[in-house]
There are 2 protein chains.
Amino acid sequence: MTEVCKVYEEHLDKILEAQAKLPEEESILEAADFFDALGNPTRLKILLALMEAGELCTCDLSAITKLSVSAISHQLRILKDRKIVAYRKDGKNVFYRLDDEHIRKLLRTALEHLSEVR
Amino acid sequence: MTEVCKVYEEHLDKILEAQAKLPEEESILEAADFFDALGNPTRLKILLALMEAGELCTCDLSAITKLSVSAISHQLRILKDRKIVAYRKDGKNVFYRLDDEHIRKLLRTALEHLSEVR
DNA sequence: TAAACATTTGCACAGATGCTCAAATGTAGA
DNA sequence: TCTACATTTGAGCATCTGTGCAAATGTTTA
């Protein structure tokens, strides 16, 4: 952190330019938070299942993922807090869905690229 | 995990269909791994800086992010292992770059969507 | 009201993560 | 060879995460 390599001066322009063009700390934290939400198998399964089914309740998702209702509920809270899923209450059930078309599109794009390259 | 809610039978079709259409476990783990790599502020900064500058050495990235060379190196290893960045050795320096056009495109798309919606 | 059941919440704990520090490794030039 | 320096690596540590359990909360129906 305090250390600065000797090549620093040569590269100073590049460094300053890159630093200047980097989005603001806040935006980076937001974006990282968003990717982080997708970066967990359980949460990704939830999102993929919702992408497929449109709407599913907590217990459906528990059955699909074979994880406890509690585990799913904890993860749904994270997705809900980050505005990645929305929900609707219907009697005893709570139905979750992808929050908007952007999430759907982004998920689809990402998966396409992954299947192409990796 | 062992618990199954009573609504299960009604929803059985939806559950089975969603389960069937879910990508294989392996693919999901891969995709989650990929998103996870982007889901950390330090790694995301590295990638954004590389997107901007094209090519940067470890010590440049340390200067840009204001983190220790060691911390950056540890994170670069993760990005390298996951084939998200590639590198080229030049004397004492090691220059890193985004691994392929897909990564660049995906990053760009994701950031666009984020800035639109969030 | 009570009973049944879907969901959420708080706690606990094992395992993962991200950083620093110090040492090791690699590379170029004197 | 020795020295300088860029980078990597491993250990240690504090913190964060993901899950199950048990209890709490909500909602419907009898």
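Values in this document were obtained by computation on a predicted structure and should not be read as measured data. Lettering follows sequence order; numbering is per chain, from 1.
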Neighbour count above 12 (heavy atom, 6.0 Å) for B:Arg77 CZ: no
Whole-Å gap separating P (C:dT7) and CG (A:Asn93): 5 Å
Below 4.0 Å: OP1/OP2 of D:dA6 and any side-chain N or O of B:Thr58: no
Sugar-phosphate only, base, or nothing, as touched by B:Ser73 at under 4.0 Å among non-hydrogen atoms: base
Side chain of B:Ile78 - closest among D:dT8, C:dG18, C:dC19: C:dG18
Separation of D:dC16 P from B:Asn40 CG (nearest whole Å): 13 Å
Option among A:Asp100, A:Leu106, A:Leu79 that satisfies the side-chain contact (heavy atoms from CB on, under 4.5 Å) test with A:Ile84: A:Leu79
Considering all heavy atoms, the nearest A:Asp99-A:Ala86 contact: OD1-CB, 3.6 Å
Student check: side-chain heavy atoms of B:Ile15 and B:His11 closer than 4.5 Å: yes
Distance, nearest 0.5 Å, that separates CG of B:Leu67 from CG of B:Leu61: 10.5 Å
For atom CD of B:Gln75 and atom C1' of D:dT7, their distance in whole Å: 15 Å
Of B:Leu76 and A:Gly39, the one whose closest DNA chain D nucleotide lies more 5': B:Leu76
Interatomic distance, A:Leu67 CG vs D:dG20 C1' [rounded to whole Å]: 10 Å
Sugar-phosphate, base or nothing in reach of B:Tyr87, heavy atoms under 4.0 Å: nothing
For residues 39-53 of chain A, tabulate all N or O donor-acceptor pairs below 3.5 Å that involve a side-chain atom, not counting sequence neighbours.
from: A:Asn40; atom 1: OD1; to: A:Thr42; atom 2: N; distance (Å): 2.9
from: A:Asn40; atom 1: OD1; to: A:Arg43; atom 2: N; distance (Å): 2.9
from: A:Arg43; atom 1: NE; to: A:Ala37; atom 2: O; distance (Å): 2.8
from: A:Arg43; atom 1: NH1; to: A:Gln75; atom 2: OE1; distance (Å): 2.9
from: A:Arg43; atom 1: NH2; to: A:Asp36; atom 2: O; distance (Å): 3.1
from: A:Lys45; atom 1: NZ; to: B:Glu25; atom 2: OE1; distance (Å): 3.1
from: A:Lys45; atom 1: NZ; to: B:Glu25; atom 2: OE2; distance (Å): 3.4
from: A:Glu52; atom 1: OE2; to: B:Lys21; atom 2: NZ; distance (Å): 3.4

Output one line per pair: protein atom, nucleotide atom from nucleotides 10-16 of chain C, and distance, for all N/O pairs under 3.5 Å.
from: C:dG10; atom 1: O6; to: A:His74; atom 2: NE2; distance (Å): 3.0

Phosphate-side-chain proximity, B:Ser68 and C:dC21, N/O vs OP1/OP2 below 4.0 Å: no
Rounded interatomic separation in angstrom, taking NZ from A:Lys45 and P from D:dG18: 13 Å
Check: A:Cys57 main-chain N/O paired with A:Asp60 side-chain donor or acceptor under 3.5 Å: yes
Nucleotide D:dT8, atom P - distance to CD1 of B:Ile72 in whole Å: 11 Å
Footprint string (nucleotides 23-30 of chain C, 5' to 3'): B base within contact, S backbone only, - free, heavy atoms under 4.0 Å: ---BBS--
Protein-nucleotide distance (A:Leu56, atom CG; C:dA6, atom C1'), rounded to Å: 15 Å
Length of the line joining A:Tyr96:OH and C:dA6:P, which is rounded to integer Å: 15 Å
Sub-4.5 Å side-chain heavy-atom contact between A:Tyr87 and A:Val85: no
Any A:Leu16 side-chain heavy atom under 4.5 Å of A:Gln19 side chain: yes
Under-4.0 Å salt bridge between A:Lys14 and A:Glu17: no
Sugar-phosphate only, base, or nothing, as touched by A:Ala71 at under 4.0 Å among non-hydrogen atoms: sugar-phosphate
